[in-house]
Amino acid sequence: MDRGGRRQGEADFTAALLCDDTRTTLERHQREESCSDLWRRVREESKKLWEVVGPAIFTRTATYSLNVIMQAFAGHLGNLELASVSFACTVLAGFNYGLMLGMASALETLCGQAYGAKKYYMMGVYMQRSWIVLLVCAVLLTPIYFFAEDILLLTGQPPELSALAGQVSVWFIPLHFSLAFLFPLQRFLQCQRKNLVNAVAAATALCIHLFVSWLFVYKLQFGLIGIALTLGFSWWAITLMLLAYVTCGGCPETWHGFTVEAFAGLGEFVKLSATSGVMLCLENWYYRILILLTGNLKNAAVAVDALSICMNINGWEMMIPLAFFAGTGVRVANELGAGNGKGAKFAATVSSTTSLVIGLFFWVLIMVLHDKIALIFTTSVVVLDAVDKLSLLLAFTILLNSIQPVLSGVAVGSGWQSMVAYVNIGCYYIIGIPMGVLLGWLFNLGGIWTGMIGGTAVQTLILAVITVRCNWEKEAMIASTRMDKFSQVR
């Protein structure tokens, strides 16, 4: 009996070991399956994201390169010419650019969610409403170009710089009106994943711009006026190519011709456009104010040149996170429009992580090439040395900006523009600019820039907390209600 008992105990002990081993194996298999399922979802989401982001990076880099080429031509004419074009394009035209870009982002919310909800007809109506709103806005903003010199003098800029920038500004008016049509067209195509069309149009315009700039500046000797005109010519080239594609059968599901329905429901559309405009223009204006503050420093021409070069490099790299801004907005809006809150959250997570990794790569690149990054713009030893001293701030700005636009893209896709506008006012204009002025008084240009970075860091942290704590299922229901409200006119 003892012997049998011992055998029974051994059997129970062996069975227990086998049971524990089986349980451990099952748990390991479950973890492996869970990890495998996660990576599969990441790959699928990344594929959808890069369908938007890939062409958007090329499109935004190509269109931004139009501005960089223009300033490169101006820089080889002289330091004053570069500074005046920087003010006219980056500050004055840039202020209007920021507002109109922001107002057009309302289309990303509505068209993205309409595409996810399969309400394709309304996308064409929304785009026409956006054209109307942005065209009226463009007309109201036009006087800024005629009074550019006076505006710059009021902000304390040197008289010779203000006078030359004022002369150039008037010739940016054709560019200004192209934006009212171009921004809605780009977002209309982007929301239905026709991003290759945007990329092809931008590539064609870039080739045109290089040739026309060479012709106007070096052959016809038009100087700064020729440089300004070439930029407007190239932006209109993109606009007309996209308009021809949309109206000539490229979007049969979403474009059904011009309709009077575009004039119905404009009140609600203006409200959303206005809050979108405030949200994004506050971000877009922020670093342009940095250039204005720099114009009040000693040896302003060199300081403005150095900062403009840094801002151009930052802006060039910024096309990548801005492409993620577009991709995130589209993916989040599509998922919310389809009623999939968890899918929207996952899309935001994948996009933020990917953009941050790319930002780390460029941070390292700037740190390594700190003394060579300005050679494309100037050969002035003084300016090259000034840019070298600012390279550390440039590197950290690029790193911070790798995540901030993505979180703004989440806001646009979700329709949070009104809330984020208040966050931007507080972080940028109550914290960032006063901090920049104080540190600038103590530490010159580096201090101004450091203070501005501080405002961006606080804004990014707040948006990250809002995104993490969001109830995404509730946001999906809100998106459904929004679609019903904006689709009632049909």
Side-chain angles (χ1 to χ4, degrees), residues 66-101 137-180 213 216-217 221-235 281-282 284-309 311-312 315 377-378 380 383 429 433 436-437 440 445 448:
L66 301 178
N67 294 17
V68 174
I69 290 169
M70 178 199 68
Q71 296 197 40
F73 273 96
H76 289 286
L77 292 177
N79 288 345
L80 182 60
E81 285 79 2
L82 174 59
S84 64
V85 166
S86 297
F87 267 97
C89 182
T90 308
V91 178
L92 294 170
F95 270 74
N96 295 339
Y97 179 99
L99 180 59
M100 295 175 71
L101 178 67
C137 179
V139 172
L140 295 176
L141 292 172
T142 301
I144 291 177
Y145 294 94
F146 291 105
F147 297 101
E149 180 179 353
D150 296 326
I151 292 171
L152 291 174
L153 288 172
L154 285 174
T155 61
Q157 308 310 313
E160 66 277 7
L161 190 62
S162 300
L164 193 55
Q167 293 174 21
V168 174
S169 295
V170 177
W171 299 99
F172 282 121
I173 292 177
L175 162 67
H176 172 67
F177 277 96
S178 73
L179 304 181
S213 296
F216 278 27
V217 176
Q221 300 290 316
F222 283 173
L224 286 181
I225 293 175
I227 290 174
L229 284 175
T230 59
L231 191 63
F233 181 88
S234 301
W235 280 83
C281 76
L282 289 176
N284 195 274
W285 290 352
Y286 187 51
Y287 281 99
R288 302 184 193 282
I289 291 174
L290 173 57
I291 297 179
L292 278 175
L293 294 175
T294 305
N296 292 295
L297 299 176
K298 293 180 180 179
N299 199 8
V302 172
V304 169
D305 284 351
L307 184 61
S308 297
I309 289 171
M311 288 296 99
N312 272 316
F377 296 97
T378 184
S380 170
V383 176
Y429 297 89
I433 292 177
V437 172
L445 176 56
I448 295 177

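Residue numbers run from 1 in the order of the sequence given.
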With a 4.5 Å heavy-atom cut-off, do Phe177 and Thr142 have their side chains touching? yes

Distance in Å, Ile227 CD1 paired with Ile69 CD1, rounded so as to fall on 0.5 Å steps: 11.5 Å

Ignoring hydrogens, what is the shortest heavy-atom contact between Leu153 and Pro159? Give both atom names and the distance. CD2-CA, 3.8 Å

Over all atoms of both residues, closest heavy-atom pair of Leu99 and Cys137: CD2-SG, 4.0 Å

Which atoms form the tightest heavy-atom contact between Ala228 and Val168, and what is the distance? CB-CG1, 4.0 Å

What is the minimum heavy-atom distance between Ala138 and Met100, and which atoms define it? CB-CE, 3.8 Å

Are Val170 and Phe146 side-chain neighbours, meaning at least one heavy-atom pair lies under 4.5 Å? yes

Heavy atoms only: give me the nearest Ser213-Thr230 pair and the separation to one decimal. OG-OG1, 3.6 Å

By side-chain hydrogen bond (donor to acceptor under 3.5 Å, both in side chains), Ser234 pairs with (sequence neighbours left out) His209

Which heavy atom of Ser178 sits nearest a heavy atom of Trp235, and at what distance? OG-CB, 3.6 Å

Nearest-0.5 Å distance, CD1 of residue Ile173 to CG of residue Leu141: 11.5 Å

Can Tyr145 and Asn96 be said to form a side chain to side chain contact (heavy atoms under 4.5 Å, CB included), step by step? CA-CA 10 Å; Tyr145 294 94; Asn96 295 339; 3.1 Å; yes

